[in-house]
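A, B, ... follow the sequence lines: proteins, then strands. Residue 1 opens every chain.
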Amino acid sequence: MIEYEKLLNEAQYKAATMAEVPALIVAGAGSGKTRTIVYRLAWLIEHGVLPTQILLLTFTRKAAQEMMRRAGDLLPGGVAGLSGGTFHSFAYSVLRQYRPAWLEDRPFTVMDSADQLGVLKECKDALLLGKGDRAFPKTQAVIGLISKCRNKEMRLEELLKMEGPHLLAYEQDLQKLMDAYAEYKRDKAVLDYDDLLFELEALLMSEPGVARSLRAHYRAILVDEYQDTNLVQARLVRILSGIDEGEAGPVMVVGDEAQSIYSFRGATVSNILDFPHLFPGAAVVTLEQNYRSTRPILNVANCVLSHAAEGYRKRLFTERQDGEPVRLKQCISDKSQAEAVAKRIERLLETYPPDEIAVLFRSGYQSYQLEMQLNQRGVKYRKYGGLKYTEAAHVKDVIAYLKLVINPMDYPSFLRLAALFRGIGPKTSQRIYASLGAGDAKALARLRKKHAELFQELDFLNGIRGRLKSSPSTLVGEVVEQYDPLLKRLYPENYPKRRTDLDEVRSMAAGYGDLDLFLADLMLESPEEDEREQGRVVLSTIHSAKGLEWNAVLLIDLAENRFPTRYSLYRDDLYEEERRLMYVACTRARDVLELYAPASLFDRTSGGSMPAELSPFLQELDPSLVEQWSEGYGGRFAKRNVLGRGRAPGVGGFAAPAGTKRMAQAGRGEGSQLPAWDEDGRMPERSKPLAVDELQAVAGGDSADASGTPANEVFEDIAKGKISRCRHRMFGRGKILGVSGTDKIVADFPGYGVKTIVASYLLVEGK
DNA sequence: TGTTGCTCCCTTTTT
DNA sequence: GGGAGCAACA
């Protein structure tokens, strides 16, 4: 018997051992949530519930894996038999067993985002939409809109009014596209991610017998990260609970509205808030004591949240009194930030094991420079978020082969396969696919002659299909061998590395009994982590870091327009979500939290460095909560106040002395969201994008307004030698060497070397 | 007619 | 680095 009362605090104990009624556990960050869930599982099992009768659901794959891992560690019998995973993978497994009627007897496959892209492109072409219209939303954007519509369950018009009024003109076209896309999927028996959830709901509603047998099977349902569920997921929980059938509804959901970070895909906090209404008689337990982080870390996290527009009831507290201060480190540039962080990781490795150190960032690409630094230093890392392993071109190719084995009419995969051969483009693929579907023997014979290579490949796949009973790893191995000559042809430069990846895919298939299960897992659950990757430093997007924790967390790129992203600046709900993201990031740390802010960022559109303001989330911080450091010459950091100085007047934060010229912003094209200056020469607090005509007036150079002297005039002055010195916020005084392009100045800053800098961020001075 | 090659533009977060 | 659009080629 487990002594729950000794092992858990009062609130955790209550949550873990309550009777099997609907329950909402509001669990603050680091409050022992997973621990509580795991003890709940143990308690259920002690009280006669079999592990196979427990369903454990979460939204992200990472959270699902972490939960299963920890349950396995704590439960005496391990997780054997426990059903658990993401909503999507659960939906797939049910749909595979109880197939929707409209599929008839056709095999179906799941599409990933690349497949969606291909299908939508095709629909767009078929409908002749967006031809020659540059303003027509990009295919990727259309996919986003479609998915948002479905996840938020809004009509297209409503969504466009909220998210993109400028697209309202295309509403009808987009609607047509949406319909065509939906029809297409039905026709070809493919499901996208959203379909999995809606198809499951439709199935349960139309076939009460299926719902009944699932309910009879699952005696307990636990949902983690409930604040990240969307409407259809909440309905699924409700249906599965059986509360509408007068059953007790043995559902326990766990969540924290302060950590809601998935509203972009329809997650709604109201699922938590409405839970007691949807499940009358639900028990509510709140966990507030934080066991994870030191006091200084928690102070920073609480401070971040205290500026939230909506108030959060909870304030976390901890008994961990000790702890190093949270450090804020301002670096000269993003490049030097990468160096500083890499160096810091090497130091931390003297104290902590590698897998207890994590670097977190807002978007996948923000770790590129750091990755290069770590590679140079031989520090091994693994990366979460951003591009996935299964998204590498060669892995996608092999997956397309395998999908075609299961579902020969999987069109996205067919396109991918056909495009591998020379002389076959979209039209030819379409023709061949149509002939195959219609069984047009004459046309096929002709096509076969012309495109022998492709048909050889298709014959091979048909052969494999006849032997589906062989082990998946054997089948994958054969497919890889078949693909090998193409791999050599397509990627001569790094063939061996890619071949290793594919052998890896084969070994991953080893544990599976059915090829289609393996494929679905590859699409829906990240495959079992490569053993070589364990015990490494972690680089992760904050979204992917949800539910995880480390001894040391370094948070990078805390600069305006990076975090919060510039997309969030003009909508309060998005801005607030960014703040919660910051909160999630800070609360991942147990002992060490460091905040890195680059003072300038490389800007590829201009090819120069742009000064970067501190992230507003840093500017709001109480300066007494962090130890402030600033990078100086030679990469050395010195304690120096970075916060609380307010924004100095002048460009990029320093005063413009008399006799200096500030240049008007050079043209940056339509749609630029770079900040304009106000009349005092300050950057506005929350920069608004320039209106298009305003921008043209400034960029045109002939109508210099209050914002300064036109760039072309200053460039002329430089050419005439009237101007030879400049000042930059970070680099100080410099000597102008020349100009580059239409908007950049090359200057030598003593101690920093020669820099090419966008002119509008410099102050220039006469001789 | 259809494919391939070249250039310009934009780059969130997940299943 | 990839997608989309356009021009040149088979």
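- Checked against B/dT14, B/dT12, B/dT3, the side chain of A/Ser363 finds its nearest nucleotide in B/dT12.
- Heavy atoms of A/Thr428 sit under 4.0 angstrom from primed sugar atoms or phosphate atoms, though from no base atom.
- Looking at residues two or more places apart in sequence or on another chain, you find a side-chain hydrogen bond (donor to acceptor under 3.5 Å, both in side chains) between A/Glu549 and A/Arg292, A/Arg590.
- Minimum atom distance to the side chain of A/Tyr262 is reached by B/dT14, of the listed B/dT3, B/dT15, B/dT14.
- Of the residues near DNA chain B, A/His543 and A/Lys138, the one whose nearest nucleotide (by heavy atom distance) lies more toward the 5' end is A/Lys138.
- Listed candidates were C/dA4, B/dT4, B/dT12. Nearest to the side chain of A/Arg422 is B/dT4.
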The test is salt bridge (Lys or Arg N to Asp or Glu O under 4.0 Å); show your working for A/Asp410 and A/Lys188 and say whether it passes. CA-CA 6 Å; A/Asp410 182 319; A/Lys188 308 284 197 290; over 6 Å; no

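- Proximity of A/Ser544 to the phosphate of B/dT14: a side-chain N or O atom is located under 4.0 Å from OP1 or OP2.
- The phosphate of B/dT12 has neither OP1 nor OP2 within less than 4.0 Å of any side-chain N or O from A/Thr541.
- Neither OP1 nor OP2 of B/dT12 sits under 4.0 Å from any side-chain N or O of A/Arg566.
- Residues A/Tyr411 and A/Glu122 bring a donor and an acceptor atom of their side chains to less than 3.5 Å of each other.
- Phosphate proximity of B/dT3 to A/Lys427: absent, as no side-chain N or O sits under 4.0 Å from OP1 or OP2.
- In this structure, A/Lys138 fails the cation-pi test against A/Phe136, since its NZ or CZ atom is not both closer than 6.0 Å to the six-membered ring centre and inside 45 degrees of the ring normal.
- Projected onto DNA chain B by closest heavy-atom contact, A/Leu574 and A/Gly425 fall at different nucleotides, the more 5' of which corresponds to A/Gly425.
- Per the stacking criterion (ring centres < 5.5 Å, plane angle < 30°), A/Phe264 stacks onto the base of B/dT13.
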